[in-house]
Amino acid sequence: MTDNIIHTPRKTSLSETGSRSLTSELSVQRPEGASCGGSQTWFSSPSIRGYGCGLIAAHDLLWYLERKESLTAQTDRHRSGEQPVSDSRSWEDYERSVKRLHRLFPILPRLGINGLMLSAGLNLAFLLRRLPYRACWHIGYRNTGKEISRLLSQDIPVILSIGGNFPLIWKKDRLPLYKKTGDGVYIKSSSTRAHYITVTGIEHGWLRISSWGQEWYINWREYRNFAWIKSCPLFSNICYITRKH
């Protein structure tokens, strides 16, 4: 049991300068209660349920940015009558919204959505929804931590990929996911690979994330080791978002 418990780690390479937790938590009103973001496991479609984590991450990012832009617009006196995008949705509304977006994010059988497809789909969605952003798939390890911090400081969630095993694709190594207790102890509660998650904060060497409709934590050092040794930068990286001026 003690192997599953980790306290706050020693100093890591993750940059926390200027970073912060995001100001809004997106939630879906489900029969079992309010979620933390969305989950592909809620859908009956085999493709979304089995390989739709990229679609869900893209949807929740768009949801957040639309809400952010809507709230910003409230400061414009000429648009003050507009209703801001809510940070909470009914399950029925969320389901319809994801299914509409699915048309821009085709899911490859047994493969899902790769980073380049994810970026291309987001750029098309930004164009159609008139959102002033641009997406690209970040390749390389050197500045990933700083880029995550920079995006969070700009109030932009970060889509992070936990890659599959490469080049030893038959291996089944997985990255641990943790739950945080009230006294600041991180307890290993699950694990994953070949999966997209949404980063919503940095806490002393930990990434706070949303996945499967729940809040989890990733140990940054463990993620870096996984990306370096078990996967590769093409599969284990972030979708970098910039705002157009």
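Worth knowing before you read on, the calculation uses all heavy atoms, side chains too, and leaves out hydrogens, waters and symmetry mates. Sequence positions, counted from 1, serve as the residue numbers for this chain.
In terms of the side-chain contact (heavy atoms from CB on, under 4.5 Å) criterion, residue partners of Y51 (sequence neighbours excluded) are, by chain and number, I107, R110.
Taking CG of L234 as the reference point, atom CG of N114 lies at 7.5 Å (rounded to 0.5 Å). Distance CG/L65 to CG/L131: 6.5 Å, rounded to 0.5 Å. We find the NZ-CD1 distance between K230 and I162 to be 15.0 Å, quoted to the nearest 0.5 Å. To the nearest 0.5 angstrom, L152 atom CG is 9.0 Å from I156 atom CD1. Separation of atoms CG (L55) and CG (L104) is listed at 9.5 Å; rounding is to 0.5 Å. With values rounded to the nearest 0.5 angstrom, L151 atom CG is found 5.5 Å from I238 atom CD1.
Salt bridge annotation for K99-E95: present, with a cationic side-chain nitrogen under 4.0 angstrom from a carboxylate oxygen.
The shortest side-chain heavy-atom distance between Y240 and T242 falls under the 4.5 Å cut-off. Between I113 and L108 the shortest side-chain heavy-atom distance does not fall below 4.5 Å. Residues F105 and L122 meet the side-chain proximity criterion, which asks for heavy atoms closer than 4.5 Å. The side-chain heavy atoms of I241 and V158, taken from C-beta on, include no pair separated by under 4.5 Å. A heavy-atom distance below 4.5 Å is found between the side chains of Y196 and L118. For the pair S149/I202, a side-chain contact is recorded, criterion being any heavy-atom separation below 4.5 Å from C-beta on. Using a 4.5 Å cut-off on side-chain heavy atoms (C-beta onward), I209 and E215 make no contact. Side-chain atoms of E69 and Y133, non-hydrogen and from C-beta on, do get closer than 4.5 Å to each other.
Here the closest heavy-atom approach between residue A58 and residue L101 is recorded as C-CD2, 4.3 Å. The nearest pair of heavy atoms linking G163 to S236 is N-OG, 2.9 Å. Minimum heavy-atom separation, W137 to S161: CH2-CB, 3.6 Å. Between I56 and S39, the shortest heavy-atom distance links the atoms CG2-N, 3.9 Å. Contact record, K68 with Q154: NZ-O, 2.7 Å, taken as the closest heavy-atom pair. Smallest separation of non-hydrogen atoms from C53 and Q40: CB-NE2, 3.6 Å.
Enclosure of atom NZ in K172 is not indicated, since only 12 or fewer non-hydrogen atoms of other residues, nucleotides or ligands lie within 6.0 angstrom. Within 6.0 Å of NZ in K171 there are 12 or fewer heavy atoms belonging to other residues, nucleotides or ligands.
In this structure, Y223 and W220 have parallel ring planes: the angle between them is below the 30° cut-off, well short of the 60° mark. Classification of the W206-Y186 ring pair by plane angle, with boundaries at 30° and 60°, yields parallel.
A donor-acceptor distance shorter than 3.5 angstrom exists from the side chain of N219 to the backbone of E222, with no hydrogens or angles considered. No side-chain donor-acceptor contact under 3.5 Å links R224 to the backbone of R221. At distances below 3.5 Å, not a single donor-acceptor pair connects side-chain atoms of S231 with backbone N or O atoms of F235. The backbone N or O of S119 lies less than 3.5 Å from a partner atom in the side chain of N123, making a donor-acceptor pair. A distance-only check finds a donor-acceptor pair linking the side chain of N237 to the backbone of H138 [under 3.5 Å]. Under a 3.5 Å cut-off, the side chain of S210 and the backbone N or O of C36 do form a donor-acceptor pair. With S90 contributing its side chain and D93 its backbone, the two residues share a donor-acceptor pair below 3.5 Å. Counting only distance, with no hydrogens or angles, the side chain of S153 and the backbone of R150 share a donor-acceptor pair below 3.5 Å. Between the side chain of S191 and the backbone N or O of P176 there is no donor-acceptor pair closer than 3.5 Å. Side chain of S189 to main chain of I187: a donor-acceptor pair is present (N/O by atom type, distance under 3.5 Å, no hydrogens or angles).
With 3.5 Å as the limit, one finds a donor-acceptor pair spanning the side chains of T200 and R208. Side-chain atoms of T41 and R49 form no donor-acceptor pair, as typed in the model, at a separation below 3.5 Å. A side-chain N or O of Q29 and one of S88 form a donor-acceptor pair less than 3.5 Å apart.
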Next on the checklist: Would L177 and Y217 count as a side chain to side chain contact (heavy atoms under 4.5 Å, CB included) here? Give the steps.
Outcome noted: CA-CA 6 Å; L177 301 180; Y217 288 84; over 6 Å; no
Next on the checklist: side chain to side chain contact (heavy atoms under 4.5 Å, CB included) for H102 and I48? Distances and angles first, verdict last.
Outcome noted: CA-CA 9 Å; H102 190 192; I48 297 179; 3.9 Å; yes
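Pairs passing the salt bridge (Lys or Arg N to Asp or Glu O under 4.0 Å) check and including a residue from residues 115-136, sequence neighbours excluded, read E66-R129.
Each of D87, T198, D155 was checked for a side-chain hydrogen bond (donor to acceptor under 3.5 Å, both in side chains) with Y64, and the lone residue meeting it is D155.
A ring-centre distance under 6.0 Å is found for Y94 and H59.
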